[in-house]
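Each remark here refers to the structure printed beneath this line.
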Amino acid sequence: MTESSSNTMWGGRFAQGPDAVMEAINASIDFDRRLYAQDIRGSRAHAAMLAAVGIISDSDFHSIEKGLLTVLSEIEQGTFSYSRELEDIHMNVEARLKEVIGAPAGRLHTARSRNDQVATDLRLWVRDQIDLALEGLATLQRALLAQAEAGADWVMPGFTHLQTAQPVTWGHHMLAYVEMFARDAGRLRDARARLNECPLGAAALAGTSFPIDREMTARELGFERPCANSLDAVSDRDFALEFLSAAAICAIHMSRLAEELVIWSSAQFRFVTLSDRFSTGSSIMPQKKNPDAAELLRAKTGRILGAAVALFTVMKGLPLAYSKDMQEDKEQVFDAADTLQLSLAAMAGMVADMSANRAALEEAASAGFSTATDLADWLVRTLGLPFREAHHVTGALVARAEEKGCDLPDLGLEEMQAEHPAITREVFDVLGVHNSVASRTSYGGTAPQQVRAQIARWKETLG
Ligand code: ARG
């Protein structure tokens, strides 16, 4: 090929170089340089395969292999100089390879295109991020599990509509999040299994006339198998969308927990004390200790969900196969992945460090007539009342207590009997919050015995 001043990769067809604005909108090297390790790994696998099937000579392969390792170490040592003119990481690496090893570098791109190259690189990158997120999730789950174990039988108010509903146990509440994060991990594992097919060898879109061995490159890169359709291989980013979707759902779970921590750490609740390590002070109000990490976690959700929405929007309506629109996938995926990993680490740290205030939890547990349902259930169970009637009698007793400004257990037996004459002293047994939670022994219920069984199960699962 004759080199022109336009472009070393496709200069043959071009008389002029790009306008500066064209270069600015077109170049992705400022962000896709993050794919360097995956790009070089993919190139090494591709070159090894080309040599194995006899498309390039062993000696060319060895100089390519050696040259790629040199480029890798230059990048890792920070001595590599990136060029915007060379657009992206793929062409930056290849151009440098040519400087380092000369002519054999020109053979690396045989039976390959940047289209299958970038699809491969990004799959490898997302796969690594999924593995990292799975570790982050397991650490977070262990922190929640430790909290659950410490307070398996501590009582606290359970809320619906953020109004006191029924007493629950602290351990039960912590385990609710362990379940959510387990499903997040499941979604990520599913996404990982589906993305683990190798696009390399799909070339630009149609496959190649060279006798390549796609099984070999797939195996070399840790993929289960090659993608079975070359058009699909280069033109879909559903693996990135699945990752972003799973990340967004996970972020939403973290945001809900973060919101609870913000509420619980307030002076009005005092359910938890966040550690100094995960709080900040105020520059003007000396008494303040703010749950900034929790607040930021709530907000980061918008960023991750935003990335998902952005890439969904990029992909909708794109005809097959590759379009440059897809270059916009990377910044979204990178930012969402970074944000997810940081959020998981911050949440795990905050949960591990926080201390729950057992006395405040217990005090709040009995407020707001939280055992009213227990009273109604008792009327059904012991006196044989239909539930609707029991609901009505209990409602009347709540109204009496409210009028007197006391809790349900503080009503006298005579007052109880004024609403239903058959009520006996035994009713007071079910009005205590400890009895209330202890009675909820149905599978998945809040009784300490159920909570302890779930803790044992999770300890086994999480190790
Ligand atoms: N930088 C490009 C991307 O991220 C690489 C693929 C370019 N392919 C092409 N036909 N222009 O998508």
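Numbering starts at 1 and runs along the sequence shown. Counting starts at 1 for both ligands and their atoms, in listed order.
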Q: Could you tell me which atoms of ligand 1, counted from 1 in the order shown, lie closer than 4.0 angstrom to a heavy atom of S28?
A: 1 (N)

Q) Taking all non-hydrogen atoms of both residues, which atom of R123 and which atom of P199 are closest, and how far apart? A) NE-CG, 3.6 Å

Q. In the protein, which heavy atom is nearest to atom 10 (N) of ligand 1, and how far is it?
A. N115 OD1, 3.1 Å

Q: Using the salt bridge (charged side-chain N to carboxylate O under 4.0 Å, His left out) rule, pick out the option among D335, D338, D121, D39 that qualifies with R34.
A: D338

Q.
Just to confirm my output: which protein heavy-atom neighbour is closest to atom 11 (N) of ligand 1, and how far is it?
A. R114 NH2, 3.4 Å

**Q.** Mutual orientation of the aromatic rings belonging to F269 and F159 [parallel < 30°, tilted 30-60°, perpendicular > 60°]
**A.** tilted

Q: Might you confirm whether atom CD of E363 has over 12 heavy atoms from other residues, nucleotides or ligands at distances under 6.0 Å?
A: no

Q. Is I25 atom CD1 crowded by more than 12 heavy atoms from other residues, nucleotides or ligands, each under 6.0 Å away?
A. no

Q) Which residue owns the protein heavy atom closest to atom 5 (C) of ligand 1, what's the atom, and how far is it? A) D88 OD2, 3.5 Å

Q. Atom 1 (N) of ligand 1: which protein heavy atom is closest, and how many Å away?
A. Q327 OE1, 2.7 Å

Q: Among all protein heavy atoms, pick the one closest to atom 6 (C) of ligand 1 and tell me residue, atom and distance.
A: Y322 OH, 3.4 Å

Q) In terms of ring plane angle, is the pair F181 and H253 parallel, tilted or perpendicular, where the classes change at 30° and 60°? A) perpendicular

**Q.** Option with minimal heavy-atom separation from atom 4 (O) of ligand 1, where the choices are E328, K330, M91, E87
**A.** K330

